[in-house]
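Structure record follows, encoded as structure tokens.
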Amino acid sequence: MSNEIPKVYNPTEVEQKWYKFWEENKLFTPEENSSKKPFTIVIPPPNVTGNLHMGHALDNSIQDVLIRYKKLKGFNALWVPGTDHAGIATQNVVAKALKKEGERKEDLGRENFVERVWKWKEEYGGNITRQLRRLGASLDWTRERFTMDEGLSKAVTHEFVALYNEGLIYRGKRLINWCAKCGTAISDIEVEHEMKKGNLWYIKYPVESTKVSVTVATTRPETMLGDTAVAVNPKDKRYKKLIGKMLVLPLVNRKIPIIKDDFVDPKFGTGAVKVTPAHDPNDFEMGERHELPRINILTKDAKITFEEFADEDKQEISEIEGMDRFKARQRIVELLEEKGFLEKIEDYETSIGECYRCKTVIEPYLSDQWYVKVKELARKAIKAVEDGKIKYVPNRWTKIYINWMTNLRDWCISRQLWWGHRIPVWYRGDEIYVGEEPPKGDGWEQDPDVFDTWFSSALWPFSTLGWPEKTKDLQTFYPTDVLVTGYDIITFWVSRMIMMGMHFMKKAPFHTVFIHGLVRDAKGKKMSKSFGNVIDPIEIIDKVGADALRFALISLITGQGQDIKLTPDKITEARNFTNKIWNVARFVLMAMEPEAKSLGSIDPDRLELPDKWIISRNQNLAAEVDKLIDGCDFGEAARKIYDFLWGDFCDWYVEISKKDLYSEDKTKKEKTLSVLLYVLERTLRVMHPFMPFISEETWQILTNNLQLTTNNLKSIILSKWPKVDNSLIDEKTEKSFNLVKELIVKIRNIKAEMGVQTKDIELIIVSPKRDIDAGAQFIKSLAKVSSISVQKVLKSKPEQSATGVVHDVQFFIPLKGLVDIEKEVERLKKEDEKIDKELSHLNKLLSNKNFVDKADPVAVERQRSRQKELAEKKTIIAARIKDLS
RNA sequence: GGGCGUGUAGUUUAGUGGUAGAACGCUUCCUUCACACGGAAGAGGUCGCAGGUUCGAUCCCUGCCGCGCCCACCA
């Protein structure tokens, strides 16, 4: 049978087979009425129209590790899947697609358009969930949710109405961030600021009925059309006399006052600021303080409008009306220059706000919007973290979170979109109705706006479990346990979940927030379509399998949550690792054939040094990985598994085992085989959360061969995390075997340096203090020597030989005619030099009274024994050099 | 302007108060019956710079320099 198993692991078939098996047998669905402790994670819902990118791959791999691990540890684990309707993003995607077909959403009308989005969702919404399956994510698909589901929509409506009734929601006409391309308001945090090169234009505003003028500096000259004042600092002597005087706004000829306000920095520009209350947040506030009129100059698609202008103000500039904002800027500057109002232009770098979705420059824009009062909500959300009810991992995010939450401003939750949860507010004349059900009676019209997507995602940890109904799931699985996400959406999402969770559920939605880094390209750049540096996870899965991708990503996670630079090298390394796993399983399987199909458990009495060593190492592995996952140190856990499987198990134990496996001694063969099997099987279970497919496949093959098959459903998912038997962890054994390892390496080293290839070597080992008989036979096979004689005291000094010293053990490799004595002396002298260097350092250290008295006694002892060892080593080498020369 | 992170072999990086580990690449050898997506051996590091704490610092503290990120209403 083993001959049929290919040498190179082929993940594609294996992965499809097992995912289907798991899902069909509902292995991802928690037990009902279970007495087991629940463990819950809700997936950060990807956009329903989205595709799996590397960020998702990392994020969900981590969550899958946790869920599979907890399941093995005996928890009733639930991982809730779902997708987000993603208001702006989805609406834009569909509108774009329509455009390609020559249709415009405005022509379709709201109802038809929304219907088209639903259709789109039906068609492509399965994309991302299919891709999550390819990743191996053990999501309970029987509980899949969508933020626009009936239940979740009800939850959002309930949320709004409840907050409204508590007085935590209000409507106000304020300056919001307007994206002209998306045609909607967006919240403060949806604006991305970037420093861009621009200009500072200096414009002269003539003082009424005089020949003097006041010069103002601006980065957005077109906004002068909406100026209703010029402000100066009250203490600014230059302008003291002018305060209260009127200016004539160039081109427009509107009369505007010079006002005083502390906001103005006399040192910046000319110390005089044009005030445009309808188009700048600071000016808006100044406008409020001085009761200035607010004149809007832009339409919703960012074209100049004179709608709010007095007739006489339009005359000189009629050509500007209807012009795009940037064109208008250009033209206005030209006009100002022509008419002598432009004093100068300077280069100036300034931060420009852009829409995080479409990168369009944001306009501060005056409009009616719904807001959530966040102060009280934020206070509770901060307290939850300060009280330790929620812990950020790594901890540094705690400070950042608190700092951000402390300075939070009210949250604008209405969006001028068609795709989303419609705001449950109706108007009839001056009447307003807010309720979960539409009002009775005629003439009511619903608010046309929808909610910010994050207003619904804020409820995700409990709305997915049935809230506001008191469902069994909600009782069982809320609060959830760990939230796993990248730091880019702490503000958008995590903080809002905490606010709403604390407010509505009175309980933190999760006790731990694990924040990981972002996946970047080889140069550390963000992966994005426009850079062309995107690595598609599905393509990688097609090529090397989900296990390799998952392992590559997870093993790159660091304790501090650094961003991850993903390179093809790393993926290849992980691919090679899966192949290694595959082959070592093949090796064990082949060794089991044909007769050894009924292996019992290991017999402690028959174990030899390497057996005890690998078993001890394996116990340590299970214990360490256990601890590391619990501490959210997933990267270190993965690396530990790699080192054990490859470094300890394959490189050493498997190599050593070959001697027994190919020997005639049946007892020995069975003993070694049972150890191989014991260690491998346990390792597969430790590995399973990280690499679910290959662990299941190999585990199934191995256990099938043991003929343990019962009629019951069998899967590694249903097995248990390996029990750690502390009596099998043996430091002494590990030390003894390490000596053997070091001796083998040293012998190989000398052989390689001497250019010796023959195996016909009669090795002499001199070990005055330690008994290394237990290891001698392994040295023989792995270092490739024909015989070994172990002596307590050297009987006769071999002349033609190379010498090695490991700790206090000396060995001779007699090689008549092969060893060049001069060369050997030189080699030994070099080693001696090295020892001298270290010894002098140690001598200095140990003769230092301060060190001996103050340092940790354990550390002192360690240095002492090292010193002793080196001294002995030096004696041996010196004696040998003397002998030879 | 404030805050955070980071600077370790040619490259990508772990990590620790007691003279540094890995992977890739490189050199030499091995097509030995698990694996050439492999095995063996090796070269390669004053752990950004300058101070301080300490018996001792790559690790702790301070400053500086470089890189990255987040937050902030300066026209």
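Throughout, a chain's letter reflects where its sequence line sits, starting with A, and its residues are numbered from 1.
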[atom1] atoms of [N] and [M], separation to the nearest Å:
N	M	atom1	result
B/rG18	B/rG25	C1'	32 Å
B/rG15	B/rC65	P	27 Å
B/rG39	B/rA22	P	14 Å
B/rA43	B/rU27	P	16 Å
B/rG48	B/rU16	P	15 Å
B/rU19	B/rC24	C1'	26 Å
B/rC73	B/rA14	C1'	43 Å
B/rU11	B/rC49	C1'	23 Å

Classify [X] by what it touches in the nucleic acid, base, sugar-phosphate, or nothing, heavy-atom distance under 4.0 Å.
X	value
A/V654	base
A/W201	nothing
A/K640	nothing
A/R575	base

For this session: Assess the pair A/W397 and A/Y401: is the distance between their ring centroids shorter than 6.0 Å?
Result: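 Here the rings of A/Y401 and A/W397 have centres that are no less than 6.0 Å from each other.
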Problem set entry | Bracket string, RNA chain B, 5' to 3' - pairs by Watson-Crick or G-U geometry under 3.5 Å, | interstrand | (((((((..((((.......)))).(((((.......))))).....(((((.......))))))))))))....
Can a donor-acceptor pair be found between the side chains of [X] and [Y] at a distance below 3.5 Å?
X	Y	result
A/T398	A/N395	yes
A/D262	A/N233	no
A/K274	A/T276	yes
A/N843	A/Q867	yes
A/Y487	A/D563	yes

Between [atom2] of [N] and [atom1] of [X], the distance in whole Å:
X	N	atom1	atom2	answer
A/F587	B/rC33	CZ	P	12 Å
A/I701	B/rA34	CD1	P	17 Å
A/K523	B/rU6	NZ	C1'	20 Å
A/N395	B/rC4	CG	C1'	13 Å
A/Q867	B/rG56	CD	P	19 Å
A/H516	B/rG5	NE2	P	19 Å
A/R396	B/rG3	CZ	P	16 Å
A/I490	B/rG5	CD1	P	13 Å

How would [range] be written as a contact map, 5' to 3', with B for base contact, S for sugar-phosphate-only contact and - for no contact, using protein heavy atoms under 4.0 Å?
range	result
nucleotides 17-27 of chain B	-BB---SS---
nucleotides 69-75 of chain B	----BBB
nucleotides 9-15 of chain B	---SSSS

For this session: For atom CG of A/D853, decide whether the heavy atoms of other residues, nucleotides or ligands shown that lie under 6.0 angstrom number more than 12.
Result: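 Yes, CG of A/D853 has more than 12 neighbouring heavy atoms, counting only those of other groups under 6.0 Å.
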Problem set entry | Greater than 12 external heavy atoms within 6.0 Å of A/K746's NZ |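 Yes - once you tally the heavy atoms of other residues, nucleotides and ligands closer than 6.0 Å, there are more than 12.
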Exercise. Under 4.0 Å between a Lys/Arg side-chain N and an Asp/Glu carboxylate O for A/R238 and A/D236?
Worked result: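 Yes, charged N to carboxylate O under 4.0 Å.
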Exercise. Does the pair A/K627/A/E624 count as a salt bridge with the N-to-O cut at 4.0 Å?
Worked result: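 Result for this pair is no, no salt bridge flagged.
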Exercise. Does A/W201 offer a backbone N or O that forms a donor-acceptor pair with the side chain of A/N199 under 3.5 Å?
Worked result: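 Checked: no pair found.
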For this session: Look only at the side chain of A/D410 and the backbone of A/V374, and say whether a donor-acceptor pair between them is shorter than 3.5 Å.
Result: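 Between the backbone of A/V374 and the side chain of A/D410 there is a qualifying donor-acceptor contact (under 3.5 Å).
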Does the side chain of [X] get closer than 4.0 angstrom to OP1 or OP2 of [N] through an N or O atom?
X	N	result
A/W646	B/rG39	yes
A/K399	B/rC4	yes
A/N583	B/rG38	no
A/K7	B/rC35	yes
A/Y662	B/rA34	yes
A/K751	B/rG42	no

Exercise. Who passes side-chain hydrogen bond (donor to acceptor under 3.5 Å, both in side chains) against A/Q562, sequence neighbours left out?
Worked result: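 By the side-chain hydrogen bond (donor to acceptor under 3.5 Å, both in side chains) rule, A/Q562 matches no residue at all.
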Exercise. Residues in side-chain hydrogen bond (donor to acceptor under 3.5 Å, both in side chains) with A/E697, at least two apart?
Worked result: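 side-chain hydrogen bond (donor to acceptor under 3.5 Å, both in side chains) check on A/E697 returns A/K17, A/W18.
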Exercise. Run the side-chain contact (heavy atoms from CB on, under 4.5 Å) check on A/N583 and A/R586 step by step: do they pass?
Worked result: CA-CA 5 Å; A/N583 274 289; A/R586 248 180 90 226; 2.5 Å; yes
Problem set entry | Distance-minimising heavy-atom pair for A/K823 and A/E753 |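 Closest heavy-atom pair between A/K823 and A/E753: NZ-O, 3.7 Å.
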